[in-house]
Amino acid sequence: MINFDYIRPSTQKAALDSITKDVNAKFIAGGTNLVDLMKHGVETPQKVIDINKLPLRNIDERKTGVIRIGALALNSEVAESELIQNKLPLLSQALEAGASPQLRNMATIGGNILQRTRCPYFYDTTMPCNKRKPGTGCSALNGFNRMHAIFGATDQCIAVHPSDMSVALTALDAFVVIAGPKGERKLAFKDFHRLPGATPHIETNLQRNEIITAVEVPDQSSFANKSLYEKIRDRASYAFALVSVAVAVEMNGSSIKNIKLAMGGVAHKPWRLTETENFLRGKQASDSVFEQAATIAMKGAKGYGYNNFKLKLAPNTLVDALKKATGKVG
Ligand SMILES: Cc1cc2nc3c(=O)[nH]c(=O)nc-3n(C[C@H](O)[C@H](O)[C@H](O)COP(=O)(O)OP(=O)(O)OC[C@H]3O[C@@H](n4cnc5c(N)ncnc54)[C@H](O)[C@@H]3O)c2cc1C
């Protein structure tokens, strides 16, 4: 690990001034991803700006029904919050499905959104990787790509985004609240992360001198009781998703009144299934409807060899999650 300066500002303005002045600076929150990347030599910031003194840890509900979660709220405290468990059980489940209790006690909401891919070639500085070093190539394309993308990839990068929480927040139409030198702005979750295209090293639409201050989730009261985060992984705990599905559904008797769907472990960003949602709205919940929905969801999917199994696993997981969430199990 290289030597670096460390500062701990106590105001947001000081944190923003510092990151604006220094192009080689990085924020640190829980450090559970950044420190690993620094140890591997993947990230080499000359200055680390610890943001833990900033007052960004509240979890509260606004009069409009919007739930606002501060960027420094811990993954564990959000998952265990009574408000989140009652109003956003999908988010709570997705957080509980991630990492381990110890990691969730350190990891923050802002850091979780910005965690970087787990592609082994990204972490191995002896191997070509366009995300780590643009123009060097993608080792995963013809390499060991079992964990990799089946949607939206290019020959520049087939890595996936690893965050479980971001999949749930994408399905829930959440917003990322951002502060920067020009003030505050909000970005819909679905527009926050980017597909790799020809620039896989640019992973989000956050500017270098901006900070995430919060996440806002609009009122989800009609969806709260029928939602599910289903995660398929190699171990029951402490493993990233091979495929995951976030589903929140509002039923009218046995028909689907409204539905929100997103997949994880399949693309460079949480993968929203808008066309599948449109197909399902107004339909009777049944096995054959779910099979048709899965066919729509898989349009354009492509395997790269070792990850071809995801072409079956993804639709099977979607069908299973739809059955469970709508109560049509079996
Ligand atoms: C062994 C292991 C297993 C894991 N398993 C899972 C899993 O199954 N599912 C899952 O979803 N995650 C998993 N994780 C990832 C874990 O959830 C993330 O490491 C964690 O959420 C990152 O949060 P942090 O606060 O520690 O971020 P940090 O490491 O502090 O920061 C990560 C990045 O975010 C930036 N950053 C942090 N906060 C802000 C902010 N407010 N504004 C702007 N930039 C910011 C930092 O500059 C850095 O680039 C796992 C991690 C480990 C080590």
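This is a predicted model, so every value here is computed, not measured. Ligands are counted one by one from 1 in listed order, and the atoms in each one are counted from 1 as well.
Rounding to the nearest 0.5 angstrom, the gap separating the CZ atom in F192 from the CZ atom in F175 is 13.5 Å. Taking CG of N130 as the start and CZ of F122 as the end, the distance is 12.0 Å to the nearest 0.5 Å.
Considering backbone and side-chain N/O of T108, one or more are found under 3.5 Å from N/O of ligand 1. On a distance-only criterion, A29 and ligand 1 share at least one N/O pair closer than 3.5 Å. Considering backbone and side-chain atoms alike, L103 places every N or O at 3.5 Å or more from each N or O of ligand 1. In terms of polar-atom proximity, defined here as any N/O pair under 3.5 Å, S163 makes no such contact with ligand 1. Below 3.5 Å of separation, one finds no N or O of G98 facing any N or O of ligand 1. Among the atoms of I51, none of the N or O lies under 3.5 angstrom from an N or O of ligand 1. At least one N or O atom of A99, backbone or side chain, sits closer than 3.5 Å to an N or O atom of ligand 1. Backbone and side-chain nitrogen or oxygen atoms of A107 are examined, and none is located within less than 3.5 angstrom of a nitrogen or oxygen of ligand 1. The shortest N or O to N or O distance between E210 and ligand 1 is not under 3.5 Å. The N/O atoms of Y238, backbone and side chain alike, include none that comes under 3.5 Å of an N/O atom in ligand 1.
Of the listed residues (G31, A25, A214), the one carrying the non-hydrogen atom nearest atom 30 (O) of ligand 1 is G31. Nearest residue to atom 8 (O) of ligand 1 from R233, R118, R104, K231 is K231 (criterion: closest heavy atom). Ranked by closest heavy atom to atom 23 (O) of ligand 1, the top entry among A239, G111, G264 is G111.
Within the 4.0 Å heavy-atom criterion, neither part of E203 lies near ligand 1. At a 4.0 Å heavy-atom cut-off, ligand 1 touches A71 through the side chain alone. Residue contacts with ligand 1 for S166 are absent, since no atom lies close enough (heavy atoms, distance under 4.0 Å). For R235, no heavy-atom contact with ligand 1 is shorter than 4.0 Å. For T213, no heavy-atom contact with ligand 1 is shorter than 4.0 Å.
Residues T199 and P134 form no side-chain contact, since every pair of their non-hydrogen atoms from C-beta on lies 4.5 Å or further apart. Using a 4.5 Å cut-off on side-chain heavy atoms (C-beta onward), V167 and F189 make no contact.
Taking the charged nitrogens against the carboxylate oxygens, K21 and D17 have no contact shorter than 4.0 Å, which rules out a salt bridge. Ion pair E77/R57 flagged as a salt bridge, since at least one NZ, NE, NH1 or NH2 atom sits closer than 4.0 Å to an Asp/Glu carboxylate oxygen. Taking the charged nitrogens against the carboxylate oxygens, D164 and K231 do have a contact shorter than 4.0 Å, which makes a salt bridge. Salt bridge absent: K182 and E210 never bring a charged side-chain N and a carboxylate O closer than 4.0 Å. Taking a cutoff of 4.0 Å between a charged side-chain nitrogen and a carboxylate oxygen, E43 and R116 qualify as a salt bridge. We find that D50 and R8 are joined by a salt bridge, their nearest charged nitrogen and carboxylate oxygen being less than 4.0 Å apart. A salt bridge links E275 with K299: the closest approach of a Lys/Arg side-chain nitrogen to an acidic carboxylate oxygen falls below 4.0 angstrom. Salt bridge status for E203 with R194: absent, with no side-chain N to carboxylate O gap under 4.0 Å.
Among all protein heavy atoms, the one lying closest to atom 19 (O) of ligand 1 is T32 OG1, 2.7 Å. At the top of the distance list for atom 13 (C) of ligand 1, counting protein heavy atoms only, stands F240 CE2, 3.3 Å. When only non-hydrogen protein atoms are considered, atom 11 (O) of ligand 1 lies nearest to D164 N, 2.9 Å. Nearest protein heavy-atom neighbour of atom 48 (C) of ligand 1: F27 O, 4.0 Å. Atom 42 (N) of ligand 1 has I212 N, 2.9 Å as its closest protein atom, hydrogens excluded (heavy atom only). Scanning all protein heavy atoms for the shortest distance to atom 24 (P) of ligand 1 gives G30 N, 3.6 Å. The protein heavy-atom contact nearest to atom 15 (C) of ligand 1 is Q115 OE1, 3.2 Å. Scanning the protein for heavy atoms near atom 36 (N) of ligand 1, the closest one is L114 CD1, 3.8 Å.
Counting atoms of ligand 1 from 1 in the listed order, those under 4.0 Å from a heavy atom of P162 are 9 (N), 10 (C), 11 (O). Short contacts between ligand 1 and L34, defined as distances under 4.0 Å to a heavy atom of the residue, involve ligand atoms 29 (O). Atoms of ligand 1 lying under 4.0 Å from any heavy atom of K26, numbered from 1 in the order shown and given with element: 47 (O), 49 (O).
Every heavy atom of R116 sits 4.0 Å or more from the atoms of ligand 1. Remark: distances from the non-hydrogen atoms of Q12 to ligand 1 are all 4.0 Å or more.
Checked by atom type, the side-chain pair Q284/S254 shows a donor-acceptor distance below 3.5 Å.
Residues passing the side-chain hydrogen bond (donor to acceptor under 3.5 Å, both in side chains) test with T213: none are found, sequence neighbours excluded.
Checked against H268 for a side chain to side chain donor-acceptor pair (under 3.5 Å), the options H193, K131, H148 give a single hit: K131.
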Original post:
V289 and F279: side chain to side chain contact (heavy atoms under 4.5 Å, CB included), yes or no, with the steps?
Top reply: CA-CA 9 Å; V289 163; F279 166 78; 4.0 Å; yes
Subject >> Residue pair M251, K257: steps toward the side chain to side chain contact (heavy atoms under 4.5 Å, CB included) verdict >> reply: CA-CA 5 Å; M251 300 295 288; K257 188 172 173 199; over 6 Å; no
